[in-house]
Every structure is written in C-alpha cells, then in structure tokens.
Amino acid sequence: MSSTSKLERWAILDCNSFYCSCERLFRPHLRDKPIVVLSNNDGCIISLSKEAKAVGLKMGEPIFEVRTLIRRHRVQVFSSHYLLYGNLSRRVMGLLDQLNPDVIQYSIDEAFINFSHLPLGAEAPWALELRERVTRETGIPVSLGVGHSKTLAKIANKEAKKLGLKSLSLTEPQVCEAVLKRTPLEEVWGIGPGLSVRLKALGMQSAWDFSQFENTTLIRKHLGIVGERMQAELRGRSCIELGEIETRKMISSTRSFGKKVYSCRELQEAVATYVGFAAEKLRKQGSVTRGVSVMLRSNPFDDGPYHRREDQRILPFYTDDTLLLTRTVTEMVAQLFKEGIGYKKAGVFLFDLADKGAYQLDLFHQTSEDSKLMGVLDKINERWGRGTIKTAACGTLQDWRMLCEKKSSKTQTSWSDLVEVGAD
DNA sequence: TCTGGGGTCCTAGGACCC
DNA sequence: TCTGGGGTCCTAGGACCC
C-alpha cells in the first residue's frame, strides 16, 4: 500500500531463453549455436536462443512457415520437454530461496526478489553475486533487472537484454527516465495490444508518457484500477502484490490432437486422459472440485466453419476421484459430440475448487477405499512416470495423441535419468 | 501436411434481497 | 402519470501474463 514512504527495491531474475538453455545444459556443443524449442504437438517456436533470433526466427512462429530458414542456418529443433524444464526450474528457484529472504516465483523461469532490506550501496555487488552464483551452480544463464517496483524491474530486465548487459538498475531517476522514454507502451508489463491502442488514442507513445499522464480520471475510465496501478508502478511506487501460488483456483488440461478426430469414442478417450491429468494436479494441491467443464473444437485455421462447444456441470458434491470425474466427462462428450466434424482439440477444466480438508465430511459419495486407490495411483505414476496407470476409458491405441509425445518418448526416459544424476 | 498450454485478475450487468 | 435505492453475489467475457 502507499502507506510506506520509503521506496521499495525489487529485482527480477529471469533465465535466458530458458527451455533452450535447459536443452543446452547437457549438450555443450550447442553453445553459441542457433536452437529452438517447439510447443506441444511441435506447433510453434516457444523458446529460441539468441543465435536463432539473429537468423530471423521469432517467438510464436509456426514451425512449418520457417522450415527453409531452419534448414539454411542448421538450427537445432527440439520438442518441448517439461519434465526437464521443471526440474531445472526447481533448482534455480531453490537456490534463490536459499540466498534471499523474500522471493516470489512468478513463472517457470522468473522470480521477483525484494531486496529493500539491503543497505543502499549494497545493490550492485549483491546483484553481481546473485547472478554469478545462479549461473555457476545451476548452469543456467540468467539476467537481472532492478527498480523501485516490479514493473520497473521488468523494464530494466528487458532493456538489459536489448543492450547485451547481464543486469541493469533503474533506481537512479535519470537512468529510469531515459529508459522509460525509449520504452514503447506495449513493452510495459500489463499493457497488451488492446490497452496500448487505447493509450495511444489518448496521445501517449512511451512508458514515460504514460507515467507522466496527468488526467487520472481518464486513466481510470479507460483502464480501470489496473491502469492506475501500472501508472503508480512506473512512477516508482510499488503496488502490485503477488502472492505465492500454492493453490490454483482452476485446473485445466487441454491438448491439440496429432490428427483430426472424427469419432466420439476417441474424443472420450482423449478427454478421459486429460481429466486424469487434471485430477492428479487437483489431488497434488490438496483440493477437491465441484465444477467440471469440457471443451471440444475443430481447427480454427481451417477454411470452412469453426466449431467450438463447451459445457459445464456443477456436481452435487466435491470430489477428487478420477473414476467419478471420468464418468462425468465421458457423458458430457457424448452430449457435445456432433457427427462429421474434424475435431482438433479438446480440454477439461476443473473449477469451483475447495480445500479437501474443509470438505472431508461432505465427501460421502467417495469411500475411503476410493481415496486410497487414488493415492496408490498417484504414487505409482509419480514413481514410474505419468500414465503408467490410467483408467481404461483413456484407451490403449491413442491415435489422437500429440505428435511430439510419440516422438520423444524414448529420449524422455534417458533425459530424466540425466536429471536424476545431477540432482542431489 | 503442419498454427501451444495453463493460468490470473477485473468489470459490467443481472438477479435477488431488504 | 407513475414506476426507490442500495447492497451483495454470481457469471460471462475481456484483458493480460509466461
């Protein structure tokens, strides 16, 4: 809140081209080489090394559109491997926690660090040491941005990368002003395409213009309370609070298919598989759910009509039982299904979650035997890999599965072995 | 041929209540 | 001609994030 008159100081530490850096970690020969990591189903580029950027590749591009570029520059291409990335992320975050009293993990490869408690002159050496220790002890290159708010730290970090620096601080007002003046609106954390259009219509161009814009009523009207907060943050007054994300409010599992799916049975298999994933996450965070929603859709990039249907149900009680949830979603798919549509994606959402402890007594539909069964299932899947045990409803052929899941099944085991060796 | 997946927060408007 | 006012809860949808 604004009650604090003293300026806060924040750093954001993020891992450079995180997924690429993970792939490189055990393949040193790829250092300085252009590499990219693809999204699920080998669709788009979701991580690229700076060498890959240099040859003209971009974040989010569909891979099939840039095949020639990839070939010409011998860019190494990887399917994504989240088990590995999750492991390395935990190492980085663990180290940050160990070194700092106030760390908030923000995403798989970023964390905010509040270092307001340090004496004023200590900032630069602290930042240097932090960066070096993380890089040395995890093997992942990182960069830092520092400022009087999280938003300013984000901008500093982005600017550091542009300048080829490993860290940059905006705590000096003159430096801050100069950087904000050359930062376009849409590069501010929280300003996307929609909001930047609205702000430009009000005559603003840079982050600095926004921070200095006097008419707060207009900001309030066009951007609501979110806009007011962003403006305050740009002025160096920290007001965006982030809590630790220990319990999610919604859990989803959605996937594109490796090919078009026309049969109801296959859709049911896929959705049964996804609800299994979602329920596993649900139990892991100690929650139960009452809201279940199922989504089926065709390919929006196809010519012809786009088909998307979604249905939701509120169960009469809270549960975390995969078998029960599977029966529910299987029924829902049967109701949503339409003959003759080439389905390309399906998904399951669990919402209206509650803490399991608080609802223990209400779980009369679920016997303790069911709970035990789920516990055993989770243990086995944790030990031997996801999907070792699953419900029969998930099917055995699974022709609809994603392309990369098929392809990387072999390397996956050997990769996780590598991670085991490196872990404590 | 081929175009990701998983989240959060805020707001406006309707339903309902006194 | 008259048709209160204000609070709360819920939901759908929009915007954004990595």
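Excluded from the calculations below are hydrogen atoms, water molecules and symmetry mates; all remaining heavy atoms, backbone and side chain alike, are included. Order of the sequence lines sets the chain letters (A, B, ...), proteins ahead of strands, with each chain counted from 1.
Within the nucleic acid shown, Lys260(A) has no heavy atom closer than 4.0 Å to any nucleic acid atom. Backbone-only contact: Val188(A) has heavy atoms under 4.0 Å from sugar-phosphate atoms and none from a base. Across all strands, Ile63(A) comes closer than 4.0 Å to no nucleic acid atom at all (heavy-atom distances). When heavy atoms are screened at a 4.0 angstrom cut-off, Leu38(A) is found touching no nucleic acid atom at all. Heavy atoms of Ile225(A) sit under 4.0 angstrom from primed sugar atoms or phosphate atoms, though from no base atom. In this structure, Arg67(A) reaches neither bases nor backbone, as no heavy-atom distance under 4.0 Å exists between it and the strands shown. Nucleic acid contact for Pro300(A): none, since no nucleic acid atom lies under 4.0 Å from a heavy atom of the residue. Glu61(A) comes within contact range of no nucleotide atom at all, as no heavy-atom separation falls under 4.0 Å. Among the heavy atoms of the strands, none lies under 4.0 Å from Lys259(A).
Between Ser256(A) and Thr247(A), the residue anchored closer to the 5' end of DNA chain B is Ser256(A), taking for each the nucleotide with the nearest heavy atom. Between Val226(A) and Phe257(A), the residue whose closest nucleotide on DNA chain B is further toward the 5' end is Phe257(A).
Looking only at atom types and distance, the side chain of Asn100(A) has a donor-acceptor partner in the side chain of Trp126(A) under 3.5 Å away.
Taking atom P in both dC18(C) and dT3(B), the straight-line distance is 25 Å, to the nearest Å.
In this structure, dC9(B) forms a base pair with dG14(C), meeting either the Watson-Crick or the G-U wobble geometry with both donor-acceptor distances under 3.5 Å.
Candidate nucleotides dG5(B), dC2(B), dC16(C) were compared by shortest atom distance to the side chain of Phe64(A), and dC2(B) ranks first. Closest contact between the side chain of Lys344(A) and the listed nucleotides dT3(B), dC18(C), dC16(C) involves dT3(B). Out of dT8(B), dC17(C), dC9(B), the shortest distance to the side chain of Tyr106(A) is found at dC17(C). Out of dA12(C), dG4(B), dG7(B), the shortest distance to the side chain of Cys44(A) is found at dG4(B). You'll find that the side chain of Phe301(A) is closest to dT3(B), out of dT3(B), dG5(B), dC16(C). Counting only heavy atoms from C-beta on, Asp109(A) has its side chain closest to dC18(C) among dG6(B), dC18(C), dT3(B). When each of dG4(B), dT3(B), dG7(B) is scored by its nearest atom to the side-chain atoms of Tyr82(A), the top-ranked nucleotide is dG4(B). Nearest nucleotide to the side chain of Arg198(A), out of dC9(B), dC10(B), dA15(C): dA15(C). Distances from the side chain of Thr254(A) to the nucleotides dC9(B), dG4(B), dG5(B) place dG5(B) closest. For Arg229(A), counting side-chain heavy atoms from C-beta on, the closest listed nucleotide (dC10(B), dG4(B), dG6(B)) is dC10(B).
Ring pair Phe257(A)/Tyr274(A) is parallel by interplanar angle, where below 30° counts as parallel and above 60° as perpendicular.
Ser107(A) has no side-chain polar atom (N or O) that falls below the 4.0 Å cut-off from OP1 or OP2 of dC17(C). At dG7(B), one or more side-chain N or O atoms of Lys281(A) fall inside 4.0 Å of OP1 or OP2 (strictly under the cut-off).
Rounded to whole Å, atom C1' of dC9(C) lies 14 Å from atom CG of Asp352(A). One can place CD of Gln312(A) at 12 Å from C1' of dC10(C), the figure rounded to the nearest angstrom. Distance CG (Leu282(A)) to C1' (dG7(B)): 15 Å, rounded to an integer number of Å. Distance CG (Asp302(A)) to C1' (dT3(B)): 10 Å, rounded to an integer number of Å. For the pair Tyr274(A) OH and dG6(B) C1', the interatomic distance rounds to 14 Å; values are reported in whole Å. Ile240(A) has its CD1 atom 15 Å from the C1' atom of dC18(C), to the nearest Å. As rounded to whole Å, 10 Å separates atom C1' of dG5(B) from atom CE of Met250(A). The distance between atom CD1 of Ile46(A) and atom P of dC17(C), rounded to the nearest whole Å, is 18 Å.
More than 12 heavy atoms of other residues, nucleotides or ligands lie within 6.0 Å of NZ in Lys281(A), so this atom counts as buried by the packing criterion. Atom CD of Glu214(A) has 12 or fewer heavy atoms from other residues, nucleotides or ligands within 6.0 Å. Counting heavy atoms of neighbouring residues, nucleotides and ligands inside a 6.0 Å radius, atom CZ of Arg31(A) does not exceed 12 of them.
A salt bridge (Lys or Arg N to Asp or Glu O under 4.0 Å) with Glu187(A) is found for exactly one of Lys162(A), Lys161(A), Arg182(A), Lys154(A), namely Lys162(A).
Note: Asn157(A) CG to Leu152(A) CG = 12.5 Å, rounded to the nearest 0.5 Å.
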